[in-house]
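Below is one structure; the comments refer to it alone.
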Amino acid sequence: MKRRSIDGPEEEKNKRPRSAEVAAPEEAVSAAELGEDLLLEVLKRADARTLGRAACVSRGWRRLAEDERLWEAVCTRDWVKVPCGKQQLRAVVLALGGFRRLHSLYILPFLAPSAALPSPMTGRPHPQQRWGKDEVQLSLSLLSIGFFEKMIPNNNRGGRGGA
Amino acid sequence: MARTIKFRSSDGEVFDVEEAVAMESQTMKHVIEDDCADGGITLYNVTSDILVKVIEYCKKHVDAAVGSFIKALGGVDKDLESWDGEFVNVDLAIQVDISNASNSLNIEGLLDLTTRVIADNIRGRSHKRSVRSSTLKMSSRPRMRNGFGRRTPGRS
């Protein structure tokens, strides 16, 4: 379920100008190899879309791209201020489902549409809006609500009878 | 004192490098400080053409740091930035090789520069292209240091 929310906008990406495809044949000729260490370094500097897409390449890539620390960096990169200490935030978010889940369900849908799609010219995403205290707390609250909802046994999603 | 240190690439070429330039590499810095550099250092995983580029980068950054007050004040050196931009204007394969070399030599600035370029490069790709393109493959190189994930045996 989570994967789809990241892959959805990809369809539009695939219709990008073919000029990007032309570069591919020359690059495919030389077989340089990207070791695991290096790939990790590269993914550290990637944005959310690239990270999500990297997890779709192969099992090895997926193992690296799904690392929570990478997603933590992606989530907190645009926050003006982390609401509490980093360790505390990490402990709480990991307990409630992790940063990848946080980003996919409660951050990505709230990003401005222009920021979610990269610019067709350079391929770089528009500079992302910085998230202030309210947005951060909103997404963290939604994460914890989502977690506790799942915890309640026999929770009726449709009709809210007794808890 | 401008001590020079001999570096031998994997294909046998020898380069004389000033000590200050060699110290840009944290790995080499420790080797030099431990006094193990007297007989020259052989780099088994760096070829001569890549070593040339790495030395060029280190030299440029050492010279820039020495001659510039801007950096001392914490500012951004625009000339150096544009030089860096030109420096990484190479094929992806060479990019990856330089990255690998800077990773093993532990040259933070160069590693950051090259991996950022590679990250920008893969940003534009669909996952199918990443698979098809033989320039980005997971190599089976053994992990150099413990870090993020653990390789579970039996999984590809």
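Chain A is the first sequence line, chain B the second, and so forth, proteins listed ahead of strands; every chain is numbered from 1.
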Mind running side chain to side chain contact (heavy atoms under 4.5 Å, CB included) on B:Thr114 and A:Glu41 for me, showing each step along the way?
CA-CA 10 Å; B:Thr114 46; A:Glu41 292 290 327; over 6 Å; no

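Taken to the nearest 0.5 Å, the CG atom of A:Leu39 stands 11.0 Å off from the OG1 atom of B:Thr115. Interatomic distance, A:Leu38 CG to B:Asn100 CG, rounded to the nearest 0.5 Å: 5.0 Å. With values rounded to the nearest 0.5 angstrom, A:Lys44 atom NZ is found 8.0 Å from B:Leu111 atom CG.
For residues 136-148 of chain A, no pair satisfies side chain to side chain donor-acceptor pair (under 3.5 Å), with sequence neighbours left out.
A salt bridge is defined here as a Lys NZ or Arg NE, NH1 or NH2 lying under 4.0 Å from an Asp or Glu carboxylate O, and B:Asp120 with A:Arg45 fails to meet this definition.
Using a 4.5 Å heavy-atom cutoff, the side chains of B:Arg123 and A:Asp47 are in contact.
Sparse packing is recorded around CD of B:Glu108, with 12 or fewer heavy atoms of other residues, nucleotides or ligands lying under 6.0 Å away.
Legend: residues meeting ring-ring contact (aromatic ring centres under 6.0 Å, His included) with A:Phe99, ordered by chain and number and at least two apart, are absent.
Hydrophobic clustering (ILVMFWY, side-chain heavy atoms < 4.5 Å, transitive): A:Leu102 and A:Val82 are in one cluster. The cluster map of Ile, Leu, Val, Met, Phe, Trp and Tyr, joined by side-chain heavy atoms under 4.5 Å apart, puts A:Val80 and A:Val93 in different clusters.
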